[in-house]
Amino acid sequence: MKTIIPQLTKLVSWQALEAHYPKVRELHLRRLFADDPTRGERMTAEAVGIYFDYSKHRITDETLRLLLQLAEESGLRARIDAMFRGEKINGTEKRAVLHVALRAPKGQAIVVDGKDVVPQVHAVLDKMADFSSRVRSGEWKGYTGKPIRNVINIGIGGSDLGPVMAYEALRHYSRRDLTFRFVSNIDGTDFAEATRDLDAEETLFIISSKTFTTLETMTNAHTARDWALKTLQDSAAVASHFVAVSTNAGEVARFGIDTANMFEFWDWVGGRYSLDSAIGLSTMIAIGPEEFRAMLDGFHQMDEHFRTAPFERNLPVLMGLLGLWYNNFFGTQTVAVLPYEQYLKRFPAYLQQLTMESNGKHVTLDGSEIDYQTGPIYWGEPGTNGQHSFYQLIHQGTKLIPCDFIGFIQPLNPLGRHHDLLLANVFAQAEALAFGKTPQEVQAEGTPAGLVPHRTFEGNRPSSTILLERLTPEALGKLVALYEHSVFIQGAIWGIDSFDQWGVELGKALAVRIISELETGAEGQLKHDSSTNTLIQRYRRSKELSHG
Ligand code: G6Q
């Protein structure tokens, strides 16, 4: 199926932005703020409880006007509407992209292939709520009659990063008498460390896999079954200690899990967009069904804002356009995500998948090679830790790195002056990056001449400040949806498929061949390049020697 994509770099607005860029490049944020004392109030937007300050970006009103024109001219509105209508906008996989349906309230209709999917979503949510409540209350018992005390989610990629991030983010709201662990890596250490101090009689495994065929997850799931049965001694115990989250009932049954204990989702939910589907079962057990529904409501509020707000006040659109401005005109390569909230410590890792798997593409939807930059590299750490490590490069290095500062007005753990100190650091970092410190200012402090260049901060380093009231499940939903939609709008303008991930396939296929060569293959038959052959031979020889 061919989708007609307007040629991005030929658009009038794109060319106007190209002509406009050299002028803006020469402007310093010091000047822009001095010339317009209202800039810090004007260049902000607020919606659904998120305050978005974009005044410290290297833009003028004209830049914004042209970026908004680009959004219109590249057909963004039609792409947004197509997504919400359930059209198959994931062209290469011929799938609808409907994570928004996962948080649609009862009664709203979203139709895919002639069928309203919202009732199914709520049926699964109800089933999850029932199960979660039974685990939380102790009514759901292990095989030997003990209540569940430990929940281990086994999954990888989209079936892991969302659940881990959401659990960590919402730990404040979680049941502290239950232990939650997450096993993803095929490295046996991950499983061994997650289970070494646990009692199998009190442990529930959630096998989370859309396909139920993923090598890492199925290997860990089989290891988990062996581990559990070593203690429980009876394969009938699997029914009490294993549940599945999947789209693949056949494989779930083949593994030995009763499909009555399977929580369904659908092919129109992409892995990295699935934390609010049944993939969030561990989150629901941790925080309870009510808080989980509050999170969904937060997502939905942002969805509605995204769907209905005019682009100039639309947070995901503004955020996406600003990212595109640096990526495509300033030529920046990365974005730093800096949450000043300890509970969001896994948020940057989660965003890495969301952004980079979605927009790390080299061809347009119609398969043409792209001659402009697509998705940037996302990275980050929670503040203030990063300030004592990599911020040096952001402040004084030779690379321009737009930053997203994320902060919350109210602390979840009020402790002396901690929160004021934390927030002071958010505001100070954004200020220091934007305005820097001139050589004259450094000299005026009596700095020895030789040190002046070292202590000078050129400034003009852009950042957004994203402020929310308090990290609640609802707030987390809003924040995740903000990034989801901003990734989508960038991908839509770049004309790429943000919802496929063919780039993960080649390595997987090659590994399958190498696995058999490591385990059984004869050295003489290796047909890789000389480097891969030598590595395989070296591993095999050492393995043989160490096994005597
Ligand atoms: C996400 C990707 C990918 C996927 C994992 C796990 O968007 O599709 O990260 O989530 O490969 O896949 P399964 O859930 O099928 O095991």
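Values below: all heavy atoms of this structure, side chains included; hydrogens, waters and symmetry mates excluded. Quantities reported herein were computed from a predicted structural model and do not represent experimental measurements. One-based numbering, in listed order, for ligands and for the atoms of each.
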Sole residue of Asp199, Thr203, Leu198 in side-chain contact (heavy atoms from CB on, under 4.5 Å) with Glu201: Asp199
Are any of the N/O atoms in Thr211 less than 3.5 Å from those in ligand 1?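 Yes.
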Do any nitrogen or oxygen atoms of Thr214 lie less than 3.5 angstrom from nitrogen or oxygen atoms of ligand 1? yes
Distance from [atom] to nearest protein heavy atom, with residue and atom:
| atom | answer |
| --- | --- |
| atom 3 (C) of ligand 1 | Gln353 NE2, 3.8 Å |
| atom 10 (O) of ligand 1 | Gly158 N, 3.0 Å |
| atom 6 (C) of ligand 1 | Ile156 O, 3.2 Å |
| atom 1 (C) of ligand 1 | Glu357 OE1, 3.1 Å |

Taking the ring of Phe347 and the ring of Tyr483, is the distance between their centroids below 6.0 Å?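 Ring centres of Phe347 and Tyr483 closer than 6.0 Å.
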When the ring centroid of Trp325 is compared with that of Tyr54, is the distance short of 6.0 Å?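 Distance test on ring centres: not under 6.0 Å, no.
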Mark up the atoms of ligand 1 that fall under 4.0 Å of a heavy atom belonging to [X], in ascending order.
| X | value |
| --- | --- |
| Gly271 | 1 (C), 7 (O), 10 (O) |
| Ser159 | 10 (O), 13 (P), 14 (O) |
| Ser209 | 13 (P), 14 (O), 15 (O), 16 (O) |

Salt-bridged, Asp160 to Arg346, with N to O below 4.0 Å?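 Salt bridge flag = no for Arg346 with Asp160.
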State, without any angle test, whether Thr364 and Asp366 hold a side-chain donor-acceptor pair at a distance under 3.5 Å. yes
What I want to check is whether the side chains of Asp297 and Gln301 have a donor and an acceptor closer together than 3.5 Å.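 Present: a donor and an acceptor within the cut-off.
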Please verify the inter-ring angle class for Trp227 with Phe191; under 30° counts as parallel, over 60° as perpendicular, anything in between as tilted.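 Rings of Trp227 and Phe191: perpendicular, over 60°.
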Nearest-option assignment for atom 7 (O) of ligand 1, heavy atoms, candidates Lys210, Arg272, Lys508: Arg272
